[in-house]
Protein chains: 2
Amino acid sequence: MNDTVPWLSAEEQRSWRSLVRLHQKLFSSLTADLQARSGLSGADFEVLVALTDVPEGRLRFQDLAKEIEWEQSRLSHQIRRMTKRELVAREECAEDGRGAFVVITGRGREVIEAAAAKHVVTVRRLVVDALTPDEFAELGRLSAKLGDHITGSR
Amino acid sequence: MNDTVPWLSAEEQRSWRSLVRLHQKLFSSLTADLQARSGLSGADFEVLVALTDVPEGRLRFQDLAKEIEWEQSRLSHQIRRMTKRELVAREECAEDGRGAFVVITGRGREVIEAAAAKHVVTVRRLVVDALTPDEFAELGRLSAKLGDHITGSR
DNA sequence: TCCTACTAGTTGACACGTCAACTATCCACG
DNA sequence: CGTGGATAGTTGACGTGTCAACTAGTAGGA
């Protein structure tokens with residue numbers, strides 16, 4: 001495309017395209033599956049998992065945002081939508097008048113528990129079972145290395 | 001979460017989470033970089049690349065959609081928005097009154113050429129340089145294997 | 001010819017994510 | 001105190017993506 005730019009070699013290009021294609025297919029399949037089986041978006045799932053991971057299913061906006069590495073405003077929009085569907089609720093924060101808690105509701109718990117059980121089956125079928133245990137471990141190792149590099153070079 | 005479900009082992013879980021985390025960081029970094037340097041979304045980029053890959057930079061909606069594996073309606077919305085920004089234009093199709101072409105404009109060509117040059121630098125910095133050549137090749141191989149499995153088991 | 005089924009593409013409603021601007025509260029320092 | 005700057009969270013605008021319903025043109029018979 002331009003000779004002054006160090007373009008990728010044919011082999012690098014193939015690897016890169018495989019990685020991009022994998023991520024597109026994998027995450028579109030996963031979110032479609034989640035939506036179809038449980039009526040949850042990937043965003044809903046992440047929020048609910050983070051809340052069930054914590055005693056009382058209750059977190060400050062701040063802490064929840066940090067936990068799942070989201071921007072405040074994204075979380076605020078998402079919680080508004082999830083509140084309407086009664087998956088979570090808001091609570092005021094006595095210690096800090098600016099702050100607020102997000103709490104998972106009973107319905108939220110039911111939904112996420114059923115969804116997680118189905119989700120893990122799909123992950124196993126689509127991902128874990130596709131590779132040998134050694135290959136999967138190696139993919140994990142390379143992903144971690146690459147992920148750390150990207151985080152570091154931002 | 002539920003004993004009747006074959007949950008992932010601790011090691012599988014670690015690998016799986018690394019892969020998810022990689023996906024999130026990689027694509028958010030890439031699209032942010034593309035947006036900041038070239039004013040293009042990932043969607044814009046994909047469309048423009050597909051058009052430059054073809055003589056005359058002209059494709060039927062159908063063929064373009066197939067090329068980049070998008071739904072018709074997604075493409076239709078995207079082309080409407082890109083037309084407004086004069087990156088592409090529509091042309092009627094003489095052979096088939098229902099059909100239409102998408103053509104890249106001169107401005108579209110300028111933009112994508114500049115963007116691609118910058119993009120490849122980022123891909124190299126963020127991805128290729130993070131791993132040894134052997135590791136990168138192995139990641140490509142595993143990605144291809146997994147991607148094929150997912151495509152097959154849909 | 002005309003009817004029907006199919007195909008190409010569009011549209012509207014709604015969920016999602018980002019950015020920038022905004023409100024309300026807290027807190028540290030004079 | 002009280003005031004200015006930082007912090008917590010919200011909001012609106014806009015680009016994006018999906019789904020389902022729609023329009024318009026094509027094609028293959030009876």
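Chain A is the first sequence line, chain B the second, and so forth, proteins listed ahead of strands; every chain is numbered from 1.
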Check against salt bridge (charged side-chain N to carboxylate O under 4.0 Å, His left out), A:D134 and A:R141: CA-CA 10 Å; A:D134 280 355; A:R141 193 184 73 75; over 6 Å; no
Please state how far atom CD in B:Q72 lies from atom P in C:dT7, giving the value in whole angstrom units. 12 Å
Quick one, A:F27 and B:V20 - any side-chain contact, counting heavy atoms below 4.5 Å? yes
My understanding is that only residues two or more places apart in sequence, or in another chain, count here; which of them pass salt bridge (Lys or Arg N to Asp or Glu O under 4.0 Å) with B:E46? none
In whole Å, I'd like the distance from the NZ atom of B:K66 to the C1' atom of C:dA8. 12 Å
Expressed as a whole number of angstroms, how long is the span from A:R80:CZ to C:dG17:P? 12 Å
Test salt bridge (charged side-chain N to carboxylate O under 4.0 Å, His left out) applied to A:D33 and A:K118, step by step: CA-CA 9 Å; A:D33 178 88; A:K118 291 173 195 158; over 6 Å; no
Sequence neighbours left out, what passes side-chain contact (heavy atoms from CB on, under 4.5 Å) with A:V103? Give chain and number order. A:R58, A:E91
For atom CD of B:Q62 and atom C1' of C:dG9, their distance in whole Å: 8 Å
Short N/O separations, protein against nucleotides 13-20 of chain D, under 3.5 angstrom:
residue, atom, partner, partner atom, Å
D:dT16, OP1, B:S41, OG, 3.0
D:dT16, OP2, B:R81, NE, 2.6
D:dG17, OP1, B:R74, NH2, 3.0
D:dT18, O4, B:H77, NE2, 3.2
D:dC19, OP2, B:E71, OE2, 3.3
D:dC19, N4, B:S73, OG, 2.7

Once you round it to whole Å, what is the distance between P of C:dC26 and CZ of A:R60? 10 Å
What is the distance, rounded to the nearest whole Å, between atom CD of A:E46 and atom C1' of C:dG17? 13 Å
Identify, residue by residue, the members of residues 86-105 of chain A with a heavy atom below 4.0 Å from DNA chain C, and return them in order of residue number, or none. A:D96, A:G97, A:R98
Sequence neighbours left out, what passes side-chain contact (heavy atoms from CB on, under 4.5 Å) with A:D129? Give chain and number order. A:R124
Who passes side-chain contact (heavy atoms from CB on, under 4.5 Å) against B:A100, sequence neighbours left out? B:F61
